[in-house]
Structures are given as C-alpha cells and as structure tokens.
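Structure record follows, encoded as structure tokens.
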Number of protein chains: 2
Amino acid sequence: MRSRLLNGSRAMVIASAHGLAPFIDRLALRSVLSPGEQDALLALPFDAITIGARRNVTRLGEISSHASFVATGLVGRFGQTASGQRQLTGIHLSGDMADLLSVVRPTGVGALLALTETTILRVPHRALRAAAAQFPAIAEAFWRHCAVDTATLMQWLLNIGRGDAVGRLGHLMCEMAMRFGGEREYRLQFDLPLTQEQLADATGITPVHVNRSLRRLRELKLMTICRKRVDIHDWDGLVSLSGFDPDYLALDIGNRPKVRLLSA
Amino acid sequence: MRSRLLNGSRAMVIASAHGLAPFIDRLALRSVLSPGEQDALLALPFDAITIGARRNVTRLGEISSHASFVATGLVGRFGQTASGQRQLTGIHLSGDMADLLSVVRPTGVGALLALTETTILRVPHRALRAAAAQFPAIAEAFWRHCAVDTATLMQWLLNIGRGDAVGRLGHLMCEMAMRFGGEREYRLQFDLPLTQEQLADATGITPVHVNRSLRRLRELKLMTICRKRVDIHDWDGLVSLSGFDPDYLALDIGNRPKVRLLSA
DNA sequence: CGAATCATTGAATGGGCTCAAGGGACGTGG
DNA sequence: CCACGTCCCTTGAGCCCATTCAATGATTCG
C-alpha cells in the first residue's frame with residue numbers, strides 16, 4: 001500500500017512534466033515496471049489534441065496508426081448496426097489508453113466518441129510496438145491492460161444479456177463508482193456527464209426507458225442522478241440489485257502480490 | 001494464398017506428431033512466426049484430458065495455472081448472475097486456445113464449459129510466459145489472438161444489446177459459418193451440437209424463444225437447424241437480416257499483408 | 001431572451017417471458 | 001426388440017417489461 005502511494009505521488013509530480021505519466025501509473029496498478037521500463041514509456045512520443053463533446057476521436061472502420069490516451073475527459077467506444085443504432089462497448093476515463101488494442105488490431109474494434117470535451121494524447125503505434133519489442137515486461141503490461149478491458153466486456157455482456165433495465169443501470173453505476181474511486185475505493189458521488197441517450201447506448205435500452213428506470217432507482221432510494229451528478233444512497237442495495245462484483249475490474253491488486261511474468 | 005495452403009498442410013502433418021501444431025496454424029493465420037518461433041511453440045509442454053459434454057473445464061472464480069487448447073470438440077465461456085442465469089461470452093472451436101487471456105489474468109474472466117465431448121490440451125502458464133518473454137513475436141501473436149477474441153466480444157455486445165431475437169440467432173449462425181469455414185470461406189452446412197438452451201445462453205434470450213425464433217428463420221426460408229445440423233439456405237438474406245460483417249473475425253487476412261510488429 | 005437539446009411523463013403497442021402441456025429422439029435396461 | 005425414462009424440442013395462452021409515439025417541461029447555451 002505504502003509503495004503504491006509513493007508511486008502515485010511520484011507519478012503526479014512527473015505528470016506536470018509529462019502527459020503520459022498517468023498511463024504508467026495505470027499500468028503499474030496491475031503490472032510491475034522497472035525504472036528503465038518506465039523511462040522507456042516516458043520516452044514515448046505523442047501529440048495532444050482537444051476534441052469537443054459528441055465528436056468522434058476515431059471513426060468506424062478507420063485504420064488507425066495511433067493509440068489514444070485519455071488525458072482529461074470521457075470517451076466511449078461504440079459499435080453500430082446497419083440501421084444506425086449504437087451500442088457502447090466501453091467507457092474510458094481519464095488515465096485510460098482507450099484503444100491500446102489497435103496496436104495489434106488496427107481495425108474492426110469500433111469507433112471512439114468523446115462523451116465530453118476531451119484531451120487526447122495520440123501515441124504512434126510504431127513507438128508502442130518498439131517499446132513492447134524491447135521490453136517484454138512492457139508487452140506484458142500492454143497485454144494485461146487489454147485483458148482488463150476484455151474482462152469488462154464479458155461483464156457488460158452478462159449484464160446486458162441477462163439483466164433487466166434497472167439492474168443494467170445499477171451495474172454500470174457501480175462500475176463507474178469503483179473506477180472513479182481508483183484502487184480499492186469507490187465513490188458514492190461523482191460527475192457522470194452522460195445524457196440519458198448515451199446511458200441508453202451503454203445499457204442496450206431506449207432513452208425513454210432509461211428515464212423510467214432512473215426514476216425507479218430513485219423510488220427504491222438506491223441512487224439519484226441530478227444534473228449529471230450521480231449520488232449513490234445505498235451502495236449495498238445497489239450492489240445487490242445489480243449483482244455487481246468488482247473482481248473483473250482488477251482494482252484490488254493492492255493487497256495481492258503484483259505479478260511480473262514475462263521477464264526472461 | 002499458396003503459402004497459406006502449404007503452411008496449412010505442413011501443420012496437418014505435424015499435427016499427428018504434436019497436438020499443438022493446430023495452435024501454431026491458428027496463430028499463423030494472423031501473425032508471422034519464424035521457424036525458430038514455431039519450434040519454441042512446438043516445444044511447449046502439455047497434457048491432454050478428455051471432458052464429457054456439459055462438464056466444466058474451469059470453474060467460476062478459479063485461479064488457473066494452465067491455458068486450455070481445444071483439440072477436438074466445442075467449448076463455451078460463460079458468466080453467471082447471482083440467480084444462476086448464464087450468459088455465454090464466447091464459443092471456442094477446435095483449434096482455439098480457449099483461455100489464453102488467463103496467462104496475464106488468471107482469474108475473473110468467466111468459466112469454461114465443454115459443450116460437447118472435448119479433448120483439451122492443458123498448457124502451463126509458466127511455459128507460455130517463458131515463450132512470450134523469449135520471443136517478442138510470440139508475445140505479439142498471443143496478444144493478437146486475445147485481440148480477436150475481444151473484437152468478437154464487442155460484436156456480441158452490439159448484437160445482444162441492439163438486435164432482436166431472430167437477428168441475434170442469425171448473427172451467431174453467420175459467425176459460426178465463417179469460423180467453421182476457416183480462412184476466407186464460409187460453410188452453409190455444419191454441425192452445431194448445441195441445445196436450444198445453450199443457444200439461449202449465447203444470445204441472451206430464453207430457450208422457448210429460441211425455438212420460436214428458429215421457426216421464424218425457417219419460415220423466412222433463411223436457415224434450418226435439424227438434429228444439431230445447421231443448414232443455411234439464403235446466406236445473403238441471413239447476413240442482411242442480422243447485419244453480419246465478418247471483419248471482426250479477422251479471417252480475411254489472406255489477401256492482406258500479415259503484420260509482424262514486435263520484432264526489434 | 002430565444003433556440004436547441006435534454007429530461008419527463010402518458011398511452012398504446014409489441015416482443016419476449018413465464019407457465020404449462022404434449023410430442024420426439026435417444027439411450028438404457030429388461 | 002420393446003418398454004421405459006430422460007432430455008430436448010415444440011406449441012399455446014396470458015402476462016409483463018420495454019418500446020414507440022407524442023407532448024410538455026426543464027436546462028443549457030449562444
């Protein structure tokens with residue numbers, strides 16, 4: 001725990017000097033990186049762009065040559081049916097490398113949409129590949145970062161395939177509470193600047209029914225959303241209603257030994 | 001194309017001598033592996049086990065120390081709600097490494113269920129890690145293998161989140177047709193030894209409604225399932241109905257240059 | 001202050017679910 | 001070879017959750 005805190009504050013200090021420091025911090029949450037490996041990551045080139053709310057970061061079907069790190073803001077990954085209906089397949093908070101998967105799969109994994117005004121640091125695939133090739137532990141950390149994303153996708157699939165509307169929304173809110181909170185904590189209040197239409201796209205229901213389901217959650221005295229701010233009144237109740245189990249987020253690594261596998 | 005065929009038949013020859021040769025063949029579909037790297041993969045230790053239909057390969061929440069290669073049979077990955085409802089999050093055909101993800105994420109990614117009698121080759125994580133650490137291209141191939149799985153999960157999420165029952169089943173059948181066919185081909189007839197209850201778990205609907213939806217597909221003269229055998233009568237119609245686009249499966253690599261990224 | 005977007009609510013419709021019963025297919029044992 | 005039990009498939013009836021269509025308030029922003 002203590003080393004985590006030190007590590008965290010160190011990253012904060014670096015952050016002012018280098019935008020990708022939070023990325024290293026995120027990776028270090030689940031993988032061990034030596035100082036040399038961290039330096040290699042800090043040496044990654046990038047350029048920063050700002051994207052307005054409701055604008056695409058990457059387009060559907062586009063072949064990308066960069067990965068997009070979310071420095072500030074909120075980004076959604078989505079797929080789309082032929083008729084134009086959208087389904088969010090993930091939500092990326094600041095500190096996430098949104099499409100690290102594109103390094104090995106440059107196409108066909110959905111598009112990215114800025115859900116709020118967002119600052120993106122674009123890191124060339126070429127540079128990420130080089131770092132992964134030189135340091136097996138970096139390749140492993142990248143792979144594991146994607147693995148957490150995959151585990152989250154499975155959980156979403158379970159949630160959407162087998163939950164009712166109220167449960168789906170509750171589960172999403174539990175996940176957001178954990179992820180906004182960071183390691184081993186969860187937040188009962190947080191800003192979630194999503195419209196009800198976007199919540200509908202995330203949970204696979206209609207905007208109107210999102211509204212009714214949020215009212216239901218209010219009536220059950222579990223949580224409220226007021227002016228884009230989420231207020232969870234009964235965490236245990238919400239967890240129980242939605243069948244939430246935070247294991248898949250791999251956020252509780254603090255009390256387990258972190259693993260370093262690929263070192264020769 | 002030609003080299004692919006040669007490669008394929010070469011793997012077939014080896015297959016009789018080494019059970020993991022089809023795994024290399026599968027990886028080589030999307031990644032470039034040198035003879036030395038292929039040898040390293042062939043040197044992986046494993047032990048074979050046979051598992052009866054409807055029995056678990058791995059259990060929910062279990063920490064695994066092996067990855068499970070499907071030599072013969074059919075394996076489903078699933079998650080489960082507190083009330084015991086299941087949702088399949090993937091179907092693995094023979095030739096798939098079912099839980100390669102567990103190498104970097106030994107827990108929390110669902111359980112594996114043998115859908116038919118299945119032969120599993122269990123490969124120790126330790127050996128897979130060592131191979132990935134020694135050969136960056138192997139790490140990359142593993143990562144990419146997981147990436148295709150992830151892309152498939154996103155497609156399932158879109159399908160289940162935004163499709164109706166008939167479309168969900170049609171989409172699943174299109175995917176199976178492509179995957180049973182292999183590279184750049186699809187099969188209009190194939191055996192799919194799943195019960196309607198398992199199809200329900202895969203598509204997020206109820207068994208009864210699977211039955212009605214299959215009848216609907218029959219009435220539309222798109223496809224029939226008779227005695228566990230799928231017969232697609234109108235491929236274009238089924239593709240159109242379900243909004244199927246095979247891009248996400250990354251099976252059409254034959255006409256693109258394969259990529260080799262992580263080589264230093 | 002006006003315009004656009006978003007949230008909220010009602011009424012009617014419909015897709016999928018639940019409950020329930022009957023019919024096949026298949027394996028097992030007599 | 002047939003009888004029997006067990007799954008599994010099939011179909012019906014009624015209900016309910018979620019959708020659709022539509023209208024009215026609330027917010028936000030230029």
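Just so it is clear: chains get the letters A, B, ... in the order the sequence lines come, proteins before strands, and each one is counted from 1. Quick note: numbers below take in every heavy atom, side chains included, and nothing from hydrogens, waters or symmetry partners.
Distance, A:Arg216 CZ to D:dC16 P: 14 Å, rounded to whole Å. Look at CG on B:Leu214: it is 7 Å from P on D:dT10, rounded to the nearest Å. D:dC15 atom P lies 21 Å from atom CG of A:Asp164, rounded to whole Å. We find that NE2 of B:His209 is positioned 12 Å from P of C:dT18, with the value rounded to whole Å. Rounded to whole angstrom, the span from the CD atom of A:Glu197 across to the P atom of D:dT20 amounts to 12 Å. Remark: P of C:dT8 and CD of A:Glu219 are 12 Å apart, rounded to the nearest angstrom. Rounded to whole Å, the distance from CG on A:Leu169 to P on D:dC17 is 16 Å.
One donor-acceptor pair, N or O on each side, does fall under 3.5 Å between the base of C:dG10 and the side chain of A:Arg212.
Shown here is B:Glu197, whose CD atom has no more than 12 heavy atoms of other residues, nucleotides or ligands within 6.0 Å.
Listed candidates were C:dT8, D:dA18, D:dC9. Nearest to the side chain of B:Gln196 is D:dC9. Candidate nucleotides D:dT11, C:dT18, C:dA7 were compared by shortest atom distance to the side chain of B:Thr206, and C:dT18 ranks first. Here the nucleotide nearest the side chain of A:Ile205, chosen from D:dT10, D:dT19, C:dT8, is D:dT19. Among the nucleotides C:dC17, D:dA18, D:dC9, the one closest to the side chain of B:Lys228 is D:dC9. In the set C:dA25, C:dT18, C:dG10, the nucleotide with an atom closest to the side chain of B:Arg227 is C:dA25.
For D:dT10, the OP1/OP2 oxygens have no side-chain nitrogen or oxygen of B:Arg215 closer than 4.0 Å. Between B:Asn211 and D:dT10 there is a side-chain N or O to OP1 or OP2 distance below 4.0 Å.
Between B:His92 and B:Phe69, the gap from one ring centroid to the other reaches at least 6.0 Å.
To the nearest 0.5 Å, the span separating CD on A:Gln189 from NE2 on A:His233 amounts to 7.5 Å.
Ranked by how close their nearest DNA chain D nucleotide is to the 5' end, A:Val210 and B:Leu194 are led by B:Leu194. Both B:Gly204 and A:Pro207 lie close to DNA chain C; mapped to their nearest nucleotides by heavy-atom distance, the more 5′-ward contact belongs to A:Pro207.
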| task | Show your working on salt bridge (Lys or Arg N to Asp or Glu O under 4.0 Å) between B:Arg77 and B:Asp149 and close with a plain yes or no. | result | CA-CA 11 Å; B:Arg77 179 182 53 207; B:Asp149 191 30; 2.8 Å; yes

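Residue B:Arg54 is classed as a sugar-phosphate contact, given heavy-atom separations below 4.0 Å to backbone atoms only.
Residues A:Leu194 and A:Leu115 have side chains in contact (heavy-atom distance under 4.5 Å, counting atoms from C-beta outward).
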